[in-house]
Amino acid sequence: MKVFSLAVVLAPPNSPSTILSSASDLSSFSFYQRGSVAEFMSFFTKTISERTPQGQRQSVQENSYTAHVYNRGGSEQLAAVIITDQEYPVRPAFSLLTKLLDDFISKVPKASYNTPSAISFPEINTYLQKYQDPRQADAIMKVQQELDETKIVLHKTIESVLQRGEKINDLVDRSTALSAQSKMFYKTAKKQNSCCVIM
């Protein structure tokens, strides 16, 4: 699971979109590919934010990438886009986009949207790093992971109990066999001793 790109986009309806703030982690690509990949991510971000109606969310797959977009619309006309690999879960992606837009709106004045180069929003890098592992960032996924770990421990415990139970069953079988043998020994000994009567 990997987050490649995260962006806040000014997406007015029927107009070209503008990336206001973005962050990317292209470390998994070779040095020579990073420029082309960054251009693709930027193009992909703008295209899907323009083609997502206001107030809607959607996910778009392209090759091995999945872009999740939330076009909030409203008076700010903002959209947020996250580009991930296909394994990345949907719920944490949209949760991140909502948090990102809320944080951006609260910290960046609307008047600065006209000059994207002047916008300073370093929190986007923090979000990019935090959400690389969605289990740590999303509370529901974290609980699910803990439940899965508990289930694994329970399965191991049940297996060990079953193994112990099998061992106990073997001991019980042996003791009943021993008990049967000791009864046979007693009867045989009684028969043997019956031939000699002491007076």
Side-chain angles (χ1 to χ4, degrees), residues 1-139 141:
M1 290 182 264
K2 177 113 173 116
V3 176
F4 296 111
S5 174
L6 191 56
V8 176
V9 182
L10 180 62
N14 304 320
S15 299
S17 62
T18 307
I19 297 176
L20 300 178
S21 181
S22 68
S24 59
D25 180 3
L26 305 178
S27 60
S28 59
F29 298 97
S30 75
F31 177 77
Y32 299 107
Q33 291 179 321
R34 289 180 188 167
S36 299
V37 171
E39 286 178 19
F40 165 74
M41 300 279 178
S42 177
F43 173 76
F44 197 23
T45 297
K46 286 181 179 181
T47 303
I48 64 169
S49 61
E50 289 170 1
R51 297 185 184 185
T52 302
Q54 289 190 349
Q56 291 190 6
R57 303 167 193 252
Q58 70 176 351
S59 299
V60 179
Q61 286 189 345
E62 174 63 31
N63 295 328
S64 60
Y65 308 106
T66 301
H68 305 282
V69 60
Y70 173 36
N71 189 338
R72 179 176 278 179
S75 63
E76 293 89 8
Q77 298 181 344
L78 292 178
V81 179
I82 182 173
I83 300 175
T84 65
D85 60 7
Q86 291 181 352
E87 296 174 6
Y88 201 87
V90 175
R91 188 181 60 250
F94 283 116
S95 171
L96 166 60
L97 295 179
T98 303
K99 287 179 188 176
L100 178 67
L101 285 174
D102 290 342
D103 200 15
F104 188 84
I105 289 168
S106 69
K107 293 184 178 172
V108 178
K110 188 177 176 183
S112 64
Y113 294 176
N114 295 329
T115 54
S117 58
I119 294 175
S120 174
F121 186 64
E123 291 85 355
I124 197 165
N125 292 310
T126 307
Y127 282 120
L128 181 73
Q129 294 306 316
K130 180 180 177 187
Y131 276 80
Q132 287 296 339
D133 183 6
R135 290 179 296 258
Q136 297 302 320
D138 186 38
M141 284 193 72

Rounded to the nearest 0.5 Å, how far does [atom2] of [Y] lie from [atom1] of [X]?
X	Y	atom1	atom2	value
Thr84	Leu6	OG1	CG	11.0 Å
Lys99	Asp102	NZ	CG	10.0 Å
Gln129	Asp25	CD	CG	6.0 Å
Tyr70	Gln58	OH	CD	13.5 Å
Ser21	Ile119	OG	CD1	7.0 Å
Tyr113	Thr18	OH	OG1	12.5 Å

Could you tell me whether a side-chain N or O of [X] sits under 3.5 Å from a main-chain N or O of [Y], the two making a donor and an acceptor?
X	Y	value
Glu50	Ser17	yes
Thr52	Ile48	yes
Gln86	Asn63	yes
Gln132	Val3	yes
Thr47	Phe44	no
Thr45	Met41	yes
Lys2	Ser28	no
Asp85	Tyr88	yes

Find out whether [X] and [Y] are in side-chain contact, i.e. whether some heavy atom of one side chain is under 4.5 Å from a heavy atom of the other.
X	Y	value
Arg72	Ile105	yes
Gln54	Gln77	yes
Lys110	Ser75	yes
Leu78	Leu10	yes

More than 12 heavy atoms of other residues, nucleotides or ligands under 6.0 Å from CZ of Arg51: yes or no? no

Is it true that Phe104 and Phe121 have ring centroids separated by less than 6.0 Å? yes

Return the minimal non-hydrogen interatomic distance between [X] and [Y], and the atom names on each side.
X	Y	value
Val9	Ser49	CG1-OG, 3.5 Å
Ile124	Ala23	CG2-CB, 3.9 Å
Ser120	Val108	O-CG2, 4.4 Å
Arg34	Ser27	NH2-O, 3.6 Å
Leu128	Ser24	CD2-C, 3.6 Å
Asn71	Pro53	CB-O, 3.6 Å

Can you name the residues that form a side-chain contact (heavy atoms from CB on, under 4.5 Å) with Ser117, not counting sequence neighbours? none

Less than 4.0 Å between a side-chain N and a carboxylate O, is that true for Asp103 and Lys107? yes

According to the interplanar angle, ranging from 0 to 90°, do the rings of Phe40 and Tyr65 count as parallel (below 30°), tilted (30 to 60°) or perpendicular (above 60°)? tilted

Decide ring pair (Phe, Tyr, Trp, His ring centres under 6.0 Å) for Phe29 and Phe4; before the verdict, give the C-alpha distance in whole Å, the side-chain angles of both, and the deciding distance to 0.1 Å. CA-CA 10 Å; Phe29 298 97; Phe4 296 111; 5.5 Å; yes

